[in-house]
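Here is the structure we will look at.
Here, residue 1 is the first one in the sequence, and each next residue gets the next number.
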Amino acid sequence: MEHALSVGQEALWFINRMAPDSSAYNVVFTLRTHNRLDVPTLARAVQLTAHRHDVLRSTFTEIDGMPRRVVSDGGLLGLEVRDVGEVGEDVLATLVRAEVTRPFRLPVGAPARLVLLRRAPDDALLVFVSHHIALDGPSQVLVLQDLLDAYQAMAEGGSPGWAPVKATYDDFVTAERRLLDSPRAAELAAYWRALCEDAPTVLDLPTDRPRPGHQRLRGATHVFQMPEDIVAGLVPASRANRTTPARYLIGLFQALLHRYSGQRDFLIGCAATSTMGLNRLGVAGYFVNSIPLRTRCGPGSTFREVVAETSGQLREGMDRVDYPSALLPQALGLPRASGTSGLFQALATTVTVGRQAPLFALAAGGHGTTADYAGLRLSGFDVPQQEGQFDVTLELVRDRTSIRCALKYDTDLFDPGTIARLAEHYRLLIRAARDDPGRPVAGVPLLDDGERARLLAFATGQPHLTTASYGGTR
């Protein structure tokens, strides 16, 4: 049976056609199990879960010139088991990485795979990889929760006690089409046009190499933890600016991009979820909708002003999040820029880990986070993913005591050292904003004495020069 796609799915379908070998839109959730698993029972649980969520039994293909989702009765998704022996952690990470980067053939195969990498009967990694066209992050958590619930019930001789799923992904597609056919769509489009009108659609960051003519969707990730002083000061600083920690950090990311690009006006994206998403009803699918944020930062703009502008835009934008962002370039009358990711080339995404379900905490908490679920002792296993979608993506995962950060970047444009410096300067600006929110963003020096000396030596060919030779200026 064939089904229409959502607007977001159609956009991902065309991206996949342009770069079918890319893994930039592969989403992964890896669980480490510390119990002896009954593999035949786990395999049966996979089949039951695929029957419950028809997106796991879908291929994405083209019919009469239109992308469509075709649902099969079964057989697409199974459990792949590989005994890898007592390999070290580095080898294990390499094996997981190989699964993450393996592309999906959407027209002919399942848009997801479950691979069990076993080092020992009581030490294994369950690697769940899906293409974003099928599942977003919360949907992956939902599917794994159903899978483990089924495994526990069947291992105990019963059957899954799942609540009935009273909706399907088609209900989301129908709701979206109804919205776009309503007067509300014109109101939403008008809001986004007013926000984005005349904004530059290219963020001109200084790159290590020229931008290629065709975006190849290849990337890497720089991961770091925020220092304790930044974590401790985040809530007081955001309250002083009358905003939330997440919006505060996004605003300072925009300030950083302003300093790097020198642009006073540009757009970035902020990852969000449609309010019409159906995860709350047990439906797995793709409900992501990134919204644009406009950055205006002049020579005298202060941290407080930039953060206030970001906070206000996010507050208003989240009320209008249901208008598909994939339609915005068309609504603005813009051609797709060759070699770029469209309306914006930088994205920010934030996750706050509270008292959610244990599996969500594992997904967000990172390497070594532990939880008990479905009679199993589980721990998280970090692996880079979704790299190269944009020039730069900032991903922040925050709990009560830490902030884990990932800067994902396009490796056609940037070297690792450049992104590491970007992370250093982000921390520098956060501290500067905390200490003096009324300070102009442009007034904070990004180079310390050591960096300035190296630049002077490189520019002049005289390695003996230091910043003191030039009066110690910054």
Among side-chain atoms of T418 and D415, is any donor-acceptor pair under 3.5 angstrom? no
>> When you compare the side chain of T302 with that of E305, does any pair of heavy atoms fall below 4.5 Å?
In response: yes
Check: H222 and P416 side chains under 4.5 Å, non-hydrogen atoms: no
Counting C-beta onward and ignoring hydrogens, is there a side-chain heavy-atom pair between V27 and L135 closer than 4.5 Å?
no
Query raised in the report: With side chains defined as the heavy atoms from C-beta onward, is the minimum distance between L95 and V127 less than 4.5 Å?
Result: no
Between Y248 and V307, the two heavy atoms sitting closest are CD1-CG1, 3.8 Å
Check your understanding: So, E187 and R193, do they make that salt bridge, N to O below 4.0 Å?
Key -> no
Result for side chain to side chain donor-acceptor pair (under 3.5 Å) between T221 and one of Q385, Q386, E387 points to E387
Smallest heavy-atom separation, D391 atom then R211 atom, equals OD2-NH2, 2.7 Å
Ignoring hydrogens and angles, tell me if any N or O in the side chain of R97 forms a donor-acceptor pair with the backbone of P384 under 3.5 Å.
yes
- [ ] Take atom CZ of R242 as the centre, draw a 6.0 Å sphere, and report whether it contains more than 12 heavy atoms from other residues, nucleotides or ligands.
- [x] no
### Message
Less than 4.0 angstrom from a charged side-chain N to a carboxylate O is my criterion; do E309 and R304 meet it?
### Response
no
* Walk me through it: do I403 and Q225 pass the test side-chain contact (heavy atoms from CB on, under 4.5 Å)? => CA-CA 6 Å; I403 304 173; Q225 290 283 342; 5.7 Å; no
Y286 meets the ring pair (Phe, Tyr, Trp, His ring centres under 6.0 Å) criterion, sequence neighbours left out, with H132
Worksheet item: Quick one: are R398 and M226 in side-chain contact, heavy atoms under 4.5 Å?
Response: no
| request: Show your working on side-chain hydrogen bond (donor to acceptor under 3.5 Å, both in side chains) between T49 and D146 and close with a plain yes or no. | output: CA-CA 7 Å; T49 305; D146 284 346; over 6 Å; no
Output for pair (I268 CD1, F253 CZ), nearest 0.5 Å, gives 6.0 Å
- Is R404 paired with D382 through a side-chain N to carboxylate O contact shorter than 4.0 Å? yes
Requested in this report: Quick one: do N289 and Y323 satisfy side-chain hydrogen bond (donor to acceptor under 3.5 Å, both in side chains)? Show the steps, please.
Outcome: CA-CA 8 Å; N289 189 37; Y323 188 82; over 6 Å; no
**Asked** Does the pair D229/R434 count as a salt bridge with the N-to-O cut at 4.0 Å?
**Response** yes
(request) Is it possible for you to check whether R421 lies under 6.0 Å from the centre of the six-membered ring of Y260, through NZ or CZ, and within 45° of that ring's axis? (result) no
Q: Would you confirm whether R209, through its side chain, and T411, through its main-chain N or O, come within 3.5 Å as a donor-acceptor pair?
A: yes
Trace of the side-chain contact (heavy atoms from CB on, under 4.5 Å) decision for V283 with F172: CA-CA 9 Å; V283 178; F172 172 72; over 6 Å; no
request  = May I ask you to say whether E10 pairs ionically with R177, meaning some side-chain N is under 4.0 Å from a carboxylate O?
outcome  = yes
Side chain to side chain donor-acceptor pair (under 3.5 Å) test vs T295 passes for just one of Q263, Q254, R264, Q313, namely Q254
Decide yes or no for V392 and L422: does some side-chain heavy atom of the first lie under 4.5 Å from some side-chain heavy atom of the second? yes
Let's go through F287 and Y169 carefully: what are the C-alpha distance in whole Å and the side-chain angles of both, what is the deciding distance for ring pair (Phe, Tyr, Trp, His ring centres under 6.0 Å) to 0.1 Å, and is it a yes or a no?
CA-CA 9 Å; F287 304 110; Y169 192 77; 5.4 Å; yes
Parallel, tilted or perpendicular: ring planes of F414 versus Y409, cut at 30 and 60 degrees: perpendicular
Would you check, one step at a time, whether the test side-chain contact (heavy atoms from CB on, under 4.5 Å) holds for Q215 with F390?
CA-CA 9 Å; Q215 189 182 16; F390 299 90; 5.8 Å; no
Whether N241 side chain and A237 backbone form a donor-acceptor pair below 3.5 Å: yes
Heavy atoms of V129 and F104 approach each other most closely as O-CZ, 3.5 Å
Note: A271 and L347 closest approach over all heavy atoms is N-CD1, 3.9 Å
If you draw a 6.0 Å radius around CG in D372, do more than 12 non-hydrogen atoms from other residues or ligands fall strictly inside? yes
> Passes side-chain contact (heavy atoms from CB on, under 4.5 Å), I291 versus M318? Steps please.
Replying inline: CA-CA 8 Å; I291 63 172; M318 290 304 178; 4.3 Å; yes
inquiry  = Is any side-chain heavy atom of V441 closer than 4.5 Å to one of C297?
reply    = yes
Quick one: does S311's side chain have a donor or acceptor within less than 3.5 Å of a partner on A308's backbone?
no
Short side-chain to backbone donor-acceptor contact, T101 and S23, under 3.5 Å = no
Rounded to the nearest 0.5 Å, the CG atom of L252 sits from the CG atom of L257 at a distance of 11.0 Å
Next on the checklist: Whether D412 and R218 form a salt bridge (side-chain N of Lys/Arg under 4.0 Å from carboxylate O of Asp/Glu) is what I want to check.
Outcome noted: no
Looking at Q345 and T201, would you say the former's side chain and the latter's main chain have a donor-acceptor pair under 3.5 Å?
yes
*Is the backbone of I133 close enough, under 3.5 Å, to the side chain of H131 for a donor and an acceptor to pair up by distance?*
yes
CG (L148) and CG (L126) are apart, to the nearest 0.5 Å, by 7.0 Å
* Could you check E197 against R294 for salt bridge (charged side-chain N to carboxylate O under 4.0 Å, His left out), going step by step and ending with a plain yes or no? => CA-CA 10 Å; E197 190 173 15; R294 188 164 187 173; over 6 Å; no
Do D123 and R32 meet the salt-bridge criterion of a basic N to acidic O distance under 4.0 Å?
yes
ask   = Should D322 and T275 be marked as a side-chain hydrogen bond (donor to acceptor under 3.5 Å, both in side chains) after you check the CA-CA gap, both sets of side-chain angles, and the distance that decides it?
value = CA-CA 6 Å; D322 290 330; T275 64; 2.4 Å; yes
Next on the checklist: Using modelled atom types and a 3.5 Å cut-off, is there a donor and acceptor pairing between side-chain atoms of N26 and backbone atoms of R102?
Outcome noted: yes
Distance col, row Y25:OH vs L217:CG, nearest 0.5 angstrom, shows 6.0 Å
With side chains defined as the heavy atoms from C-beta onward, is the minimum distance between S290 and F344 less than 4.5 Å? yes
Cation-pi check for Y191 against R320: NZ or CZ below 6.0 Å from the six-membered ring centre and within 45 degrees of the axis, yes or no?
yes
Note: L281 and A167 closest approach over all heavy atoms is CD1-CB, 4.1 Å
Inset, instruction - Consider only side-chain N and O atoms of D136 and S139, and report whether a donor and an acceptor are under 3.5 Å apart. - result: yes
* Asked: Just by distance, do the side chain of Q140 and the backbone of G137 share a donor-acceptor pair under 3.5 Å?
  -> no
query: Just by distance, do the side chain of T243 and the backbone of R239 share a donor-acceptor pair under 3.5 Å?
result: no
For F128 and A112, the nearest pair of non-hydrogen atoms, with its separation, is CE1-CB, 4.0 Å
So CZ of R315 and OG1 of T310: to nearest 0.5 Å the spacing works out to 11.0 Å
